[in-house]
S.K.: 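I'd like to ask you about the structure that follows.
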Amino acid sequence: VRAAACFELTLMVREAVRNAAQHAEASRISVKLSPSSVVIEDDGKGLPDGALEASQGGLSHLVRRAELIGGAIAFERRHDGSGTRIAIRY
């Protein structure tokens, strides 16, 4: 992974963890790294419907940063509405 991509990934993980702690009120946040992905999961309130479309900051910045490194990002909400999983592939 290029140095520029590593920098963007670091910022993305920081933003996702901050969002989980601040907005989702998560009590548990995990970050899993692999050679081609980063997965951030929390046990917070979950993303409300339309959160990505309404975002003017955190979530939309994550999408933009993923695009900058030629990657992809997926946001998943648990079926019961609690918790969020963010998968970043690069």
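One is the number of the first residue; the rest follow in order along the sequence.
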S.K.: Given 3.5 Å as the limit, does a donor-acceptor pair link the side chain of Ser55 with the main chain of Ser60, or not?
M.R.: yes

S.K.: Kindly state each residue pair satisfying salt bridge (charged side-chain N to carboxylate O under 4.0 Å, His left out) with at least one member in residues 46-61, sequence neighbours excluded.
M.R.: Asp49-Arg77

S.K.: Using the test side-chain hydrogen bond (donor to acceptor under 3.5 Å, both in side chains), find all partners of Glu67 that sit at least two apart in sequence or belong to another chain.
M.R.: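 Residues passing side-chain hydrogen bond (donor to acceptor under 3.5 Å, both in side chains) with Glu67: none at all.
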
S.K.: With rounding to the nearest 0.5 Å, note down the distance linking NE2 in His61 to CG in Asn19.
M.R.: 10.5 Å

S.K.: Taking all non-hydrogen atoms of both residues, which atom of Val31 and which atom of Val38 are closest, and how far apart?
M.R.: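 For Val31 versus Val38, the nearest heavy atoms are CG1-CG1, 4.0 Å.
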
S.K.: What pairs with Ala5 under side chain to side chain contact (heavy atoms under 4.5 Å, CB included), at least two apart in sequence or on another chain?
M.R.: Val1, Arg2, Ile69

S.K.: So, using side-chain hydrogen bond (donor to acceptor under 3.5 Å, both in side chains) as the criterion, who are the partners of Ser34 when residues are at least two apart?
M.R.: Ser37

S.K.: Any idea which heavy atoms bring Gly46 and Thr84 closest together, and the distance?
M.R.: CA-OG1, 3.4 Å

S.K.: Testing the basics here: between Phe75 and Ile73, what is the closest heavy-atom pair and its distance to 0.1 Å?
M.R.: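 Taking Phe75 first and Ile73 second, the nearest heavy atoms are CZ-CD1, 3.7 Å.
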
S.K.: Which residue pairs pass the salt bridge (charged side-chain N to carboxylate O under 4.0 Å, His left out) test with at least one member in residues 33-45, sequence neighbours excluded?
M.R.: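 Passing the test, one end in residues 33-45: Glu25-Lys45, Lys32-Glu41, Glu41-Arg85.
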
S.K.: Which atom pair, heavy atoms only, marks the closest approach of Ala66 to Ala72?
M.R.: CB-C, 4.2 Å

S.K.: Kindly list each side-chain donor-acceptor pair under 3.5 angstrom involving residues 6-16, sequence neighbours excluded, with atom names and distances?
M.R.:
{"from": "Glu8", "atom 1": "OE1", "to": "Arg65", "atom 2": "NH1", "distance (Å)": "2.5"}
{"from": "Thr10", "atom 1": "OG1", "to": "Cys6", "atom 2": "O", "distance (Å)": "2.9"}
{"from": "Glu15", "atom 1": "OE2", "to": "Arg18", "atom 2": "NH2", "distance (Å)": "3.0"}

